[in-house]
Amino acid sequence: MPALNQAELVLVHDPLAGDLFWQPVAGALRVRGRTVSVPSLTGAFDAPGPYYPELLDVVARQLAAVPAAPVVLAGHSAAGALLPALRELLTRGHRPPRTVAGTVYVDAPWPHPGRSGLAALQPEQAARLRELAEDGVLPPWDICFAEQDLIDEVPDPVLREQFRAGLPRLPLAYFREPAPSALPDPDPARTAYLRLSPRYEETAMRVEALGHRVLRRTAHHLSPLTDPEGTADALEKLALRFAVRPA
């Protein structure tokens, strides 16, 4: 069995956020000797749906090209909904099967198995999302940010525009689909939560009450873009707690 420090970190970006999001953190971790994969989810929306199965398949296909070392899955924001089903797919349906040493939810809502993204939102948020759709397609995610909030979180204008340029336009149908039915791993030895921003404190407290490790950073939701070293430190601390053993 490979040593714990050889576990591959798989950083799954929010489908709304684009491919760039995890790249700075991945670079910081690779400098430390970590093997890191950053699957791109953008191709999952090229087909007409259903989208959740395609998102999972896109990640699995990209991981098939790398050595079959144990993995630690980390999902930011809406990617958290994918982690339980991705864990099941990798351990049971992947060829070759992968050992998932642990999962880290990064400033993410707790998974909502069997419920759609719209149903998981507050009614006024869901209504706003429907209003934003044009011909069944939503505008890029940054329209949900006040301009000054986005400037505050990503003050570098070059990085901010790179981030914006990579934001996809997702179909509203994705938010109407039920999330995969797989449940989060209940084992505290294999599940952790990284809270980046105060708006996810309520979720962090809920996860803590379930017995899982929570690591809090005084940062913001997009801090993996702007503070990759600090985010890498936090992921390392959580990943090192996971014992590599069959799921």
Side-chain angles (χ1 to χ4, degrees), residues 9-18 20-22 24-25 38 41 55 72-87 102-113 115-126 128-129 141-146 148-155 163 167 170 174-175 179-180 182-188 190-239 241-242:
L9 281 165
V10 179
L11 308 180
V12 187
H13 68 83
D14 184 336
L16 287 81
L20 172 67
F21 186 80
W22 277 120
V25 175
V38 186
L41 303 181
L55 286 164
V72 170
L73 305 174
H76 177 260
S77 199
L82 299 172
L83 294 187
L86 182 57
R87 175 179 172 273
T103 50
V104 182
Y105 297 85
V106 182
D107 237 32
W110 198 237
H112 43 89
R115 296 177 67 203
S116 71
L118 283 174
L121 293 173
Q122 295 295 324
E124 61 274 13
Q125 294 173 318
R128 171 65 174 155
L129 207 61
W141 182 42
D142 66 326
I143 199 170
C144 297
F145 282 83
Q148 189 57 51
D149 289 343
L150 190 59
I151 291 172
D152 290 343
E153 293 203 8
V154 189
F163 173 62
L167 295 177
L170 300 188
Y174 161 61
F175 296 91
L183 297 170
D185 191 334
D187 189 345
R190 292 197 298 249
T191 307
Y193 193 91
L194 174 55
R195 196 220 72 170
L196 301 177
S197 61
R199 70 176 123 166
Y200 282 94
E201 178 58 23
E202 184 176 340
T203 305
M205 292 173 65
R206 176 186 173 192
V207 173
E208 215 163 28
L210 293 172
H212 302 304
R213 168 78 187 277
V214 173
L215 180 59
R216 291 171 171 85
R217 297 201 66 228
T218 305
H220 56 80
H221 193 59
L222 302 181
S223 59
L225 272 176
T226 59
D227 183 16
E229 291 291 343
T231 307
D233 286 342
L235 287 174
E236 286 267 75
K237 286 178 184 176
L238 293 172
R241 294 182 67 254
F242 297 137

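Hydrogens, waters and symmetry mates are skipped; everything else that's a heavy atom, side chains included, is used. What you see is a predicted model; the values in this text were computed from it and never measured.
From Leu183, atom CG reaches atom CZ of Arg87 across 10.5 Å, with rounding to the nearest 0.5 Å. Of the inter-residue distances, the one linking Arg206 atom CZ with Leu210 atom CG reads 6.5 Å to the nearest 0.5 angstrom. Atom CZ of residue Phe21 and atom CG of residue Leu222 lie 5.5 Å apart, to the nearest 0.5 angstrom. In this structure, OG1 in Thr231 is found 10.5 Å from CG in Leu11, a value given to the nearest 0.5 Å.
The backbone N or O of Asp185 sits less than 3.5 Å from a side-chain atom of Thr191, completing a donor-acceptor pair. The closest donor-acceptor contact from the side chain of His220 to the backbone of Leu196 lies at 3.5 Å or more, if one exists at all. Distance alone, capped at 3.5 Å, places no donor-acceptor pair between the His76 side chain and the Asp14 backbone. A donor-acceptor contact shorter than 3.5 Å is absent between the side chain of Glu153 and the backbone of Leu150. Judged by distance alone, the side chain of Trp110 and the main-chain N or O of Val207 form no donor-acceptor pair under 3.5 Å. Proximity of a side-chain donor or acceptor of Ser223 to a complementary backbone N or O of Ala219 within less than 3.5 Å is not detected.
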For this session: Dump the intermediate steps for side chain to side chain contact (heavy atoms under 4.5 Å, CB included) on Trp22 and His13, then the final yes or no.
Result: CA-CA 7 Å; Trp22 277 120; His13 68 83; 3.8 Å; yes
Problem set entry | Ser77 and Asp107: CA distance, side-chain angles, deciding distance, side-chain hydrogen bond (donor to acceptor under 3.5 Å, both in side chains) verdict | CA-CA 5 Å; Ser77 199; Asp107 237 32; over 6 Å; no
For this session: Dump the intermediate steps for side chain to side chain contact (heavy atoms under 4.5 Å, CB included) on Tyr105 and Leu83, then the final yes or no.
Result: CA-CA 8 Å; Tyr105 297 85; Leu83 294 187; 3.7 Å; yes
Exercise. Do Val10 and Val72 pass the side chain to side chain contact (heavy atoms under 4.5 Å, CB included) test, and can you show the C-alpha distance, the side-chain angles, and the key distance before you say yes or no?
Worked result: CA-CA 6 Å; Val10 179; Val72 170; over 6 Å; no
For this session: Step by step, work out the side chain to side chain contact (heavy atoms under 4.5 Å, CB included) result for Leu194 and Leu238.
Result: CA-CA 8 Å; Leu194 174 55; Leu238 293 172; 4.0 Å; yes
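Heavy-atom minimum distance, Val12 versus Leu82: CG1-CD1, 4.4 Å. A pairwise comparison of heavy atoms in Ala108 and Gly75 identifies CB-O, 4.1 Å as the closest pair. Minimum interatomic distance between Lys237 and Arg241 (heavy atoms only, all atoms of both residues): O-CG, 3.5 Å. A pairwise comparison of heavy atoms in Tyr174 and Pro15 identifies OH-CG, 3.5 Å as the closest pair. In this structure, Pro109 and Ala78 approach most closely via the heavy-atom pair CD-N, 4.5 Å. Scanning all heavy atoms of the two residues, the minimum distance from Asp227 to Gly230 falls at OD1-N, 3.1 Å.
Taking the ring centroids of His221 and Tyr200, they lie under the 6.0 Å cut-off.
Counting heavy-atom neighbours within 6.0 Å of Glu208 CD, excluding the residue itself, gives a total above 12.
A salt bridge is absent between Glu229 and Arg217; no separation between the charged side-chain nitrogens and carboxylate oxygens falls under 4.0 Å.
The shortest distance between side-chain heavy atoms of Thr103 and Tyr193 does not fall below 4.5 Å. In this structure, the side chains of Leu73 and Val104 stay at 4.5 Å or more apart for every pair of heavy atoms.
Here Glu201 pairs with Arg195, Arg216 under the salt bridge (Lys or Arg N to Asp or Glu O under 4.0 Å) rule; sequence neighbours left out.
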